[in-house]
Amino acid sequence: MKLLSRVEEIMLLSILKLQDNAYGVTIRKLISEITGKRWSIGAIYVPLERLEHKGFVESYTGEPTEIRGGRSKRMYRVSREGHRALEEIKKLNKALWESYSKWALE
């Protein structure tokens with residue numbers, strides 16, 4: 001079983017949330033909004049490349065747009081393996097959190 005890092009989990013869930021609008025800029029914007037922290041573009045693309053290398057994400061070239069001067073966007077979608085990895089990390093987190101008690105640290 002390949003466990004996802006927290007950043008990889010956030011990336012995959014963001015891509016799923018963005019659906020057909022998942023590319024570097026929108027992923028960065030969503031993650032920054034959700035976490036309340038500014039993410040550099042490198043902090044987005046490095047994990048995306050790692051996720052693609054692991055087979056959890058697939059990228060494809062979107063349609064050229066006038067706003068981008070006729071250039072295409074590199075779009076992302078979660079692969080079947082990425083969905084499986086998310087399910088695994090969800091089960092793991094659930095099992096860990098079920099044993100947590102808010103009084104455990106008192």
Side-chain angles (χ1 to χ4, degrees):
M1 166 175 54
K2 296 180 191 175
L3 289 179
L4 295 171
S5 71
R6 189 66 174 147
V7 169
E8 291 172 335
E9 180 183 3
I10 291 168
M11 291 278 174
L12 289 175
L13 291 170
S14 296
I15 292 168
L16 287 174
K17 184 175 179 85
L18 290 165
Q19 298 179 354
D20 292 335
N21 196 32
Y23 62 98
V25 173
T26 57
I27 294 168
R28 179 183 179 200
K29 183 177 183 227
L30 177 61
I31 291 174
S32 292
E33 288 171 3
I34 290 171
T35 63
K37 300 193 185 289
R38 186 182 180 284
W39 287 56
S40 71
I41 203 68
I44 299 299
Y45 283 107
V46 170
L48 282 173
E49 288 176 15
R50 188 172 56 237
L51 286 166
E52 190 167 18
H53 179 72
K54 289 180 177 181
F56 296 149
V57 163
E58 299 165 346
S59 67
Y60 61 97
T61 304
E63 295 297 318
T65 62
E66 282 186 40
I67 292 173
R68 294 176 46 88
R71 294 180 314 177
S72 301
K73 297 175 187 171
R74 186 172 180 191
M75 309 297 288
Y76 295 89
R77 65 178 154 242
V78 177
S79 68
R80 212 174 257 156
E81 293 81 14
H83 282 278
R84 285 189 205 118
L86 279 171
E87 285 300 320
E88 287 297 320
I89 203 71
K90 181 180 176 183
K91 286 179 196 174
L92 175 68
N93 281 326
K94 184 177 181 205
L96 290 169
W97 278 102
E98 283 176 350
S99 64
Y100 174 77
S101 167
K102 67 180 177 180
W103 301 280
L105 298 175
E106 292 179 359

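Index from 1, following the sequence. The figures that follow rest on heavy atoms only: side chains count, while hydrogens, waters and symmetry mates do not.
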Trainee: Considering residues at least two apart in sequence or located in another chain, which fulfil the side-chain contact (heavy atoms from CB on, under 4.5 Å) criterion with Ile34?
Mentor: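 So Ile34 forms a side-chain contact (heavy atoms from CB on, under 4.5 Å) with Leu30.
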
Trainee: Can you tell if the side chain of His83 reaches within under 4.5 Å of the side chain of Leu16, non-hydrogen atoms only?
Mentor: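 Yes; the side chains approach each other to less than 4.5 Å.
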
Trainee: Which heavy-atom pair separates Asp20 from Met75 by the least distance, and what is that distance?
Mentor: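 In this case the closest contact between Asp20 and Met75 is O-CE, 3.1 Å.
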
Trainee: Identify, with sequence neighbours excluded, every residue that meets side chain to side chain donor-acceptor pair (under 3.5 Å) alongside Thr35.
Mentor: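 Per chain and number, Thr35 pairs via side chain to side chain donor-acceptor pair (under 3.5 Å) with Trp39.
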
Trainee: Could I get the full list of side-chain contact (heavy atoms from CB on, under 4.5 Å) partners for Ile41, not counting sequence neighbours?
Mentor: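 Testing Ile41 for side-chain contact (heavy atoms from CB on, under 4.5 Å), a comparison that skips the adjacent residues, returns Arg28, Tyr45.
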
Trainee: What residues form a side chain to side chain donor-acceptor pair (under 3.5 Å) with Ser59, not counting sequence neighbours?
Mentor: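 Testing Ser59 for side chain to side chain donor-acceptor pair (under 3.5 Å), a comparison that skips the adjacent residues, returns Glu52, Arg74.
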
Trainee: Name all residues meeting the side chain to side chain donor-acceptor pair (under 3.5 Å) criterion together with Ser79; count only those two or more places apart in sequence or in a different chain, and write none if there are none.
Mentor: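 Residues passing side chain to side chain donor-acceptor pair (under 3.5 Å) with Ser79: Glu81.
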
Trainee: Using the salt bridge (charged side-chain N to carboxylate O under 4.0 Å, His left out) criterion, which residues pair with Lys37? Sequence neighbours excluded.
Mentor: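 Expected list: none.
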
Trainee: So, applying side chain to side chain contact (heavy atoms under 4.5 Å, CB included) with Phe56, which one of Leu4, Leu48, Leu86 is it?
Mentor: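 That would be Leu4.
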
Trainee: Does the Thr26 side chain pair with the main chain of Tyr23, one donor and one acceptor, at a distance under 3.5 Å?
Mentor: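 Judged by distance alone, yes, a pair lies under 3.5 Å.
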
Trainee: What residues form a salt bridge (charged side-chain N to carboxylate O under 4.0 Å, His left out) with Glu9, not counting sequence neighbours?
Mentor: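 Counting only residues at least two positions away or on another chain, Glu9 forms a salt bridge (charged side-chain N to carboxylate O under 4.0 Å, His left out) with Arg6.
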
Trainee: Can you list everything that forms a salt bridge (charged side-chain N to carboxylate O under 4.0 Å, His left out) with Arg50? Sequence neighbours excluded, please.
Mentor: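 Once residues adjacent in sequence are excluded, the partners of Arg50 under the salt bridge (charged side-chain N to carboxylate O under 4.0 Å, His left out) criterion are Glu8.
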
Trainee: As an exercise, state the distance from CD1 of Ile89 to CG of Leu12, rounded to the nearest 0.5 Å.
Mentor: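 So the CD1 of Ile89 and the CG of Leu12 are separated by 10.5 Å.
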
Trainee: For Ser72 and Thr61, which heavy atoms make the closest approach, and how far apart are they?
Mentor: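 Shortest heavy-atom contact: CB-CG2, 3.3 Å.
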
Trainee: Would you name the heavy atoms of Gly42 and Pro47 that are closest together and state the gap between them?
Mentor: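 Gly42 and Pro47 have their closest heavy atoms at O-CD, 3.9 Å.
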
Trainee: Out of curiosity, Ile31 CD1 to Ile10 CD1, how far, rounded to the nearest 0.5 Å?
Mentor: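 Ile31 atom CD1 to Ile10 atom CD1 measures 6.5 Å (nearest 0.5 Å).
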
Trainee: Quick one: salt bridge (charged side-chain N to carboxylate O under 4.0 Å, His left out) partners of Glu98, sequence neighbours excluded?
Mentor: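 Result, salt bridge (charged side-chain N to carboxylate O under 4.0 Å, His left out) vs Glu98: Lys94.
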
Trainee: Testing the basics here: between Ile27 and Ala22, what is the closest heavy-atom pair and its distance to 0.1 Å?
Mentor: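 Looking at all heavy atoms of both residues, the shortest contact is CD1-C, 4.1 Å.
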
Trainee: Measure the CG-CD1 distance between Asn21 and Ile15 for me, rounded to the nearest 0.5 Å.
Mentor: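 So the gap between those two atoms works out to 12.0 Å.
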
Trainee: Dump the intermediate steps for salt bridge (Lys or Arg N to Asp or Glu O under 4.0 Å) on Lys29 and Glu33, then the final yes or no.
Mentor: CA-CA 6 Å; Lys29 183 177 183 227; Glu33 288 171 3; 3.7 Å; yes

